[in-house]
Protein chains: 2
Amino acid sequence: MERSEDLTPEQEQALLKARKRVIETIGNNMELYGITQSTGHLYGLLFFQNKPMTLDEMGRAMEMSKTSMSTGVRTLVDLKMVNKVWEKGSRKDLYEVELDWFQTFADFFSLKWRKAAEMNLHALRRTKSELQELAERYAGDEAFQHQLQADLSKIDEAIRYYIWLNRLIETFESGEIFKLVPKDMG
Amino acid sequence: MERSEDLTPEQEQALLKARKRVIETIGNNMELYGITQSTGHLYGLLFFQNKPMTLDEMGRAMEMSKTSMSTGVRTLVDLKMVNKVWEKGSRKDLYEVELDWFQTFADFFSLKWRKAAEMNLHALRRTKSELQELAERYAGDEAFQHQLQADLSKIDEAIRYYIWLNRLIETFESGEIFKLVPKDMG
DNA sequence: CCGTTCGTACAGTTATTTCTGTACAAAGTA
DNA sequence: TACTTTGTACAGAAATAACTGTACGAACGG
């Protein structure tokens, strides 16, 4: 915790204790984002910091090596959960959390789910055309046709799902989702 | 692959090759669901099966132990990605994938994200009231008040986000999301 | 009942991931 | 230019997770 505000030790203790619950709960649940428990904990730490933090400060607060802070914070930056900020006069890199969690959520889906959706869609489409070629080549074989059609109809349904998923992700990226599901209910 | 349809070895080869791309791509991307690569691969295998499969058949196809199949398939059942099915005459447990991927996606979010959202919301609210108590107790101390207000406003914004997230998840659970973002575009 | 067959608990092994300390390149400072 | 300071690559150590084989209880068939 930053010391610039000069709290009494008693106050500081009480504040740290209150923060701790949130830091740990959030840290634990961040595995949903595919990040490690300790990186989640780092995120929680940064969340309550009211000033950008250096790697050394993180290391001291987390009681971990600077190397780990470096890799942890890089993960968070890649996920756009944490931003690198500049401060004149300081040679050190400074980091602070992105406080707009709506944005964080949207960015996460753009980054991870869209990539997966597009890879899967690509694989499905390639395999679909491959199966269609097989269907033509062995046009007479009824048993094989039957099998191919079973696979093809599954693939078509999967493609339909991924097209939908891509569209859903688009609503996250564009912010349209907040028109469909408003941030505050009326 | 089930042999009941009696394909030629050549046809079977071609089919397996075509399926392989999809199985592996999907299997790899399933880490987004927090499942292991090999469990993802198992899912891909089941996807193309046109009959429910036993643990022994899975083990043979995956070249892995039956124990691993048992734990893998249990994970998939817990996530409602795979269903246990009954077939008279068979003493063995049979499993098949849930083919409705829209449903699978919705179930996954209900299960995992809602649980996390509720835990976080709970922690945030508890900490919020704890901070409010501190604010009352040290009503005169300006430096401390300043710090408490900084924390409280962050917490309020986080609470706002989780309330929204819960509402979003509700639209998945109720199927309302498919009214907001239609399965097929008009 | 007794003998099978099935699924899974459990303990041990193997494989993977996470974390640390050292070393070094980059960039600033004098 | 030499001297610091900073962030990260890299290799090894420590911690976790995944996988396997054995063993055993449950369910069924004779």
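FYI, side chains are in, hydrogens and waters are out, and symmetry mates aren't considered; it's all heavy atoms of this structure. Throughout, protein chains are lettered first and strands after them, A, B, ... in sequence-line order, and every chain is numbered starting at 1.
- A 6.0 Å sphere centred on NZ of A/Lys17 holds no more than 12 heavy atoms belonging to other residues, nucleotides or ligands.
- Summarising the local packing, NZ of B/Lys183 is surrounded by more than 12 heavy atoms from other residues, nucleotides or ligands at distances under 6.0 Å.
- In this structure, A/Arg60 places its CZ atom 18 Å from C1' of C/dT20, rounding to the nearest Å.
- Members clustered with B/Met185: none, using a 4.5 Å side-chain heavy-atom cutoff among hydrophobic residues.
- Atom CG of A/Asp93 and atom C1' of C/dA27 are 11 Å apart (whole Å).
- Computed from coordinates, the A/Met69 CE to C/dC19 P distance equals 8 Å when rounded to whole Å.
- Residues A/Leu15 and B/Leu131 form a side-chain contact, since some pair of their non-hydrogen atoms from C-beta on lies under 4.5 Å apart.
- Within residues 26-33 of chain A, no residue has any heavy atom closer than 4.0 Å to DNA chain D.
- For A/Arg126, the CZ atom sits in a loose shell: 12 or fewer heavy atoms of surrounding residues, nucleotides or ligands are nearer than 6.0 Å.
- The CD atom of B/Glu63 sits 15 Å away from the C1' atom of D/dT20 (whole-angstrom rounding).
- Whole-Å rounding puts the B/Met58 CE to C/dT8 P distance at 10 Å.
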Show every donor-acceptor pair shorter than 3.5 Å between a side-chain atom in residues 108-117 of chain B and any protein atom, with sequence neighbours excluded, or say none if there are none.
{"from": "B/Ser110", "atom 1": "OG", "to": "B/Ala106", "atom 2": "O", "distance (Å)": "3.3"}
{"from": "B/Ser110", "atom 1": "OG", "to": "B/Glu173", "atom 2": "OE2", "distance (Å)": "2.9"}
{"from": "B/Arg114", "atom 1": "NE", "to": "B/Glu173", "atom 2": "OE2", "distance (Å)": "3.0"}
{"from": "B/Arg114", "atom 1": "NH1", "to": "B/Glu118", "atom 2": "OE2", "distance (Å)": "3.2"}
{"from": "B/Arg114", "atom 1": "NH1", "to": "B/Asn166", "atom 2": "OD1", "distance (Å)": "3.4"}
{"from": "B/Arg114", "atom 1": "NH2", "to": "B/Glu173", "atom 2": "OE1", "distance (Å)": "3.1"}

Could you list the donor-acceptor pairs under 3.5 angstrom formed by side chains in residues 35-44 of chain B, with sequence neighbours left out?
{"from": "B/Gln37", "atom 1": "NE2", "to": "B/Asn28", "atom 2": "OD1", "distance (Å)": "2.7"}
{"from": "B/Tyr43", "atom 1": "OH", "to": "B/Trp101", "atom 2": "NE1", "distance (Å)": "3.0"}

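- Nearest heavy atoms, B/Glu57 versus B/Pro52: OE1-O, 4.1 Å.
- Using a 30° and 60° split on the angle between ring planes, A/Trp164 and B/Phe102 fall in the perpendicular class, above 60°.
- For B/Ser70, no side-chain nitrogen or oxygen approaches OP1 or OP2 of C/dG7 to under 4.0 Å.
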- Protein-to-nucleotide contact annotation, 5' to 3' order, nucleotides 22-30 of chain D [B base; S sugar-phosphate only; - none; under 4.0 Å, heavy atom]: B----BS--
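- The residues B/Glu157 and B/Arg160 are annotated as salt-bridged, a charged nitrogen and a carboxylate oxygen being separated by less than 4.0 angstrom.
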Pairs under 3.5 angstrom, nitrogen or oxygen only, protein versus nucleotides 16-19 of chain D, please.
{"from": "D/dA18", "atom 1": "OP1", "to": "B/Thr36", "atom 2": "OG1", "distance (Å)": "3.0"}
{"from": "D/dC19", "atom 1": "OP1", "to": "B/Ser38", "atom 2": "OG", "distance (Å)": "2.8"}
{"from": "D/dC19", "atom 1": "OP2", "to": "B/Ser38", "atom 2": "OG", "distance (Å)": "3.1"}

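- The distance between atom CG of A/Leu94 and atom P of D/dT6, rounded to the nearest whole Å, is 11 Å.
- Taking atom NZ of A/Lys92 as the reference point, atom P of D/dT5 lies 10 Å away to the nearest angstrom.
- Spacing between atom NZ of A/Lys66 and atom C1' of D/dT8 amounts to 9 Å, rounded to whole angstrom units.
- Going from atom CG of A/Leu32 over to atom CG of B/Leu32 covers 11.0 Å, rounded to the nearest 0.5 Å.
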